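Quantities reported herein were computed from a predicted structural model and do not represent experimental measurements. Quick note on labels: first sequence line is chain A, next is B, and so on, each numbered from 1.
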Number of protein chains: 2
Amino acid sequence: MRVLKYAILGLLNRHPMTGYDISKEFDRDLMNFWHAKHSQIYPELKRLTEEGLIKYEVQISGEVLEKKVYSITKEGITDLAQWLLIAEELEPTPKDVFRLRMYFSENMNQNQLKALIKDQYEKRFAKYQFLKQRLDEYSHEPLIGSVEFGDYMVLLSAIMRENAYLDWLKICLSKL
Amino acid sequence: MRVLKYAILGLLNRHPMTGYDISKEFDRDLMNFWHAKHSQIYPELKRLTEEGLIKYEVQISGEVLEKKVYSITKEGITDLAQWLLIAEELEPTPKDVFRLRMYFSENMNQNQLKALIKDQYEKRFAKYQFLKQRLDEYSHEPLIGSVEFGDYMVLLSAIMRENAYLDWLKICLSKL
DNA sequence: ACCCTCATGTAACTTGTTACATGATTGA
DNA sequence: TCAATCATGTAACAAGTTACATGAGGGT
């Protein structure tokens, strides 16, 4: 399926950037639904270049440092546009180690279970607050069609997801 | 981290079963937070046996057919019990291809976007209903400490997750 | 007879992580 | 001058998927 390919094409379709920039994007906004380390990104950029979907220009930063600024080609744009419209089957439910532990909770005593759930709650709550703050930075809801619309909607979905997780953890705690 | 190892240990800790049985479990209840194909399960069972965490007895089914019924060892139980109590850092957010498409929605027109979201809504709703039905089969909420408690809570979390996803999709549609 | 489920495995490949490796730029 | 960040890559490994391969059991 090569999803990383399309994540990169989508980013380069917004504006040209370096592998390093792409890596930073994965650590910020995209973090809420996709991720890749630089060790995966650089080989993929090489491959996409060979496939003619992207190209790069070398820029000199400072005196010597060369950086490759990648941009999407016509072929890349076409490929991306086609991929975006595919209505696939639902993916298998994402894996979740914490839920796995809960599933086997019969092997813990109540204090252990409580400590585990509380710890998870605190960590999730911190994440929720962090995301909420990001959303609050928008002065108004972006319009459909704008680049910001996607950013905003996906951030909103991340917040709703965390909120549902917190609700569930609260119910778990109430049973103890 | 070897999570598959602990998923298998947790299942065998409930009662002995074959690799095929484990595979079936992954297709049912565990589906909501973990999954593995038989091609991954059989090698892992072999490895766990070598490590002394599980063992098996060969049973004859019918006339000839041999099946390996695995059970957990004392060492396996200890290992599992220790692992369950680990309060790890939050995992990176699960990957989600649909959200990735939404993030790049600036490349679609409104009709295309609407069709994509509606399709996703229908598929998610069917899944939600399926899970809800499973939950309704419980005549009463299982008590903490029971094996069913874990099953029930994790099913509930899956329903709440799908519900949050549906709410988000409804908001997406309302913006169009 | 035929088909579905039970039952167990391996091989090749893709995807993703951790560690190794190097060096320039910028601001305090 | 020192540390954080910018910048690019490779190697070894772990995890997961798809395809290959085989055959028995049970019900119609």
Side-chain angles (χ1 to χ4, degrees), chain A residues 1-8 16-28 30-31 33-51 54 56-70 88-97 100, chain B residues 1-8 11-12 16-28 30-31 33-51 54 56-70 88-97 100:
Chain A
M1 253 248 298
R2 297 193 57 197
V3 182
L4 177 59
K5 165 184 165 181
Y6 294 104
I8 291 175
M17 52 180 118
T18 65
Y20 189 82
D21 295 332
I22 290 169
S23 184
K24 291 286 116 176
E25 289 286 331
F26 277 121
D27 293 337
R28 269 190 66 88
L30 269 77
M31 192 191 63
F33 51 91
W34 207 264
H35 189 263
K37 316 245 158 142
H38 77 274
S39 57
Q40 210 186 347
I41 294 167
Y42 288 116
E44 187 65 30
L45 285 170
K46 200 177 172 182
R47 186 172 171 190
L48 290 173
T49 306
E50 284 162 8
E51 292 172 337
I54 62 174
Y56 67 88
E57 270 178 35
V58 175
Q59 266 186 19
I60 305 292
S61 183
E63 296 286 299
V64 208
L65 187 65
E66 295 191 347
K67 57 179 185 178
K68 294 181 178 173
V69 181
Y70 288 90
E88 281 162 302
E89 287 311 295
L90 242 44
E91 298 163 78
T93 324
K95 295 183 173 185
D96 185 329
V97 180
L100 183 67
Chain B
M1 253 247 299
R2 299 193 57 197
V3 182
L4 178 60
K5 165 183 165 181
Y6 294 104
I8 291 175
L11 285 173
L12 292 180
M17 52 180 117
T18 66
Y20 188 82
D21 295 333
I22 290 170
S23 184
K24 290 287 117 177
E25 289 286 330
F26 278 120
D27 293 337
R28 269 190 66 86
L30 269 77
M31 192 191 63
F33 51 92
W34 208 263
H35 189 262
K37 317 246 158 142
H38 78 275
S39 56
Q40 209 186 347
I41 294 167
Y42 287 115
E44 187 66 31
L45 284 170
K46 199 177 174 184
R47 186 173 170 190
L48 290 172
T49 307
E50 284 161 9
E51 292 172 336
I54 61 174
Y56 66 87
E57 271 178 34
V58 175
Q59 267 187 19
I60 306 293
S61 183
E63 296 286 299
V64 208
L65 186 63
E66 296 191 346
K67 57 179 184 177
K68 294 180 178 176
V69 181
Y70 287 91
E88 280 162 303
E89 288 309 298
L90 242 43
E91 299 162 79
T93 324
K95 295 182 172 183
D96 185 329
V97 180
L100 183 68

What's the CE-P distance between Met31(B) and dG16(D), to the nearest Å?
-> 17 Å

How many Å lie between CD on Gln59(A) and P on dC6(D), as a whole number?
-> 16 Å

With the side chain counted from C-beta on, respond yes when Glu66(A) and Ile60(A) share a heavy-atom pair under 4.5 Å apart, and no when they do not.
-> yes

Any side-chain heavy-atom pair from Lys24(B) and Met17(B) closer than 4.5 angstrom?
-> no

Nearest-nucleotide pick for Tyr20(A), side chain only, options being dG9(C), dG9(D), dC6(D) = dC6(D)

Partners passing ring-ring contact (aromatic ring centres under 6.0 Å, His included) against Phe33(B) (at least two apart in sequence or in another chain) = Tyr103(A)

Going by heavy atoms in the side chains, are Arg2(A) and Leu48(A) under 4.5 Å from each other?
-> yes

Point-to-point distance, once rounded to the nearest 0.5 Å, from CG of Leu4(A) to CZ of Phe26(A) = 5.0 Å

Take the protein atom NZ of Lys46(B) and the nucleotide atom P of dT8(C), then report the distance between them rounded to whole Å.
-> 14 Å

For the side chain of Lys67(B), counting heavy atoms from C-beta on, which of dA7(C), dT8(D), dG9(C) is nearest?
-> dA7(C)

Lys24(B) has an atom NZ; how far is it from atom C1' of dC6(C), in whole Å?
-> 8 Å

In this structure, are over 12 heavy atoms from other groups packed under 6.0 Å from Lys95(B) atom NZ?
-> yes

State which of dT10(C), dT8(C), dT5(D) makes the closest approach to the side chain of Pro43(B).
-> dT10(C)

Whole angstrom is fine here: how far is it from CD1 in Ile8(B) over to P in dT8(C)?
-> 13 Å

Please name all residues satisfying side chain to side chain contact (heavy atoms under 4.5 Å, CB included) with Pro94(A), sequence neighbours left out, ordered by chain then number.
-> Pro94(B), Arg161(B)

Write down the distance between CG (Asp21(B)) and C1' (dT8(C)), rounded to a whole number of angstrom.
-> 13 Å

Nucleotide by nucleotide, 5' to 3', does protein get under 4.0 Å of the base (B), only the sugar-phosphate (S), or neither (-) in nucleotides 14-25 of chain C, counting heavy atoms?
-> -SBBBB----SS

Nucleotide dA15(D), atom C1' - distance to CZ of Phe26(B) in whole Å | 13 Å

Spacing between Leu45(A) atom CG and dT10(D) atom C1', to the nearest angstrom | 15 Å

